[in-house]
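Counting convention: from 1, in listed order, for ligands and their atoms alike.
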Amino acid sequence: MKGTITIRKARLIDLPRLVALEQEFDRDERQAVLEENPAIKRYMRKSNARFSAARMRKWIRSSNTRVVIAENDAMPCGYSVAWIATNPAIFRPKRYGFIGIIFVQREYRGHKISSLMVKDVYAWFSKRGIKDVFLTVLSDNKYARAIYAKWGFGDFSTVMWKTGLK
Ligand SMILES: CC(C)(COP(=O)(O)OP(=O)(O)OC[C@H]1O[C@@H](n2cnc3c(N)ncnc32)[C@H](O)[C@@H]1OP(=O)(O)O)[C@@H](O)C(=O)NCCC(=O)NCCS
């Protein structure tokens, strides 16, 4: 990989580039999961660019959300979205950090770009007094699960799903 990687807070001007990255994220995550478990194909909905743009705009404007973009010599190659969430009364702590999206373009993977984005997100959480971080990952996304385990994430709860009720 040539070039210099920069990680920075995303701005509204980045919106079209973030939406394009999100389309790739959708394709790659879907592919990783379907390779493991083709039976779930009918549950995987394709993302829609208009919905994605509206959601991203809201996130960029929110002071409760950190949208990070990774660039290789000013060319976008990854992004991450994280926010502060609130637990229902039965769980502690009340406020925790949630990593909603993390994506790096295929040709840039394995160069620690996602590690750099997560570092930025952790610093943003820390400034807000957040010490606990949560994320969800599709069970069949073996690659992402292995990376999260390496970063120190462990299983906390399991979502169990029964389909095809008549
Ligand atoms: C998951 C993803 C974001 C990782 O991005 P990346 O920039 O390639 O990750 P990094 O290079 O920062 O690697 C992170 C760590 O995982 C390690 N790692 C990489 N591949 C691994 C694998 N297959 N198994 C275990 N660990 C692995 C790296 O060595 C690194 O560890 P280190 O810092 O101790 O060396 C990227 O693969 C991606 O965008 N995938 C498609 C979208 C997706 O599925 N996102 C997750 C949805 S929840």
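Residues Ile60 and Ala10 come closest through the heavy atom pair CG2-O, 3.9 Å.
A donor atom on one side chain and an acceptor atom on the other are found under 3.5 Å apart for Glu22 and Ser52.
Listed by chain and number, residues touching ligand 1 at under 4.0 Å (heavy atoms only) are Phe25, Glu29, Ile102, Phe103, Val104, Arg109, Gly110, His111, Lys112, Ile113, Ser114, Ser115, Thr136, Val137, Asn141, Tyr143, Ala144, Ala146, Ile147, Tyr148, Lys150, Trp151.
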Stepwise side chain to side chain contact (heavy atoms under 4.5 Å, CB included) check, Ile84 with Thr65: CA-CA 7 Å; Ile84 295 169; Thr65 304; over 6 Å; no

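Relative orientation of the Tyr96 and Phe98 rings is perpendicular, given thresholds of 30° and 60° on the angle between their planes. Note: Tyr122 and Phe153 have tilted aromatic rings, judged against thresholds of 30 and 60 degrees for the angle between ring planes.
With a 4.5 Å cut-off on side-chain heavy atoms, Val104 and Met117 count as touching.
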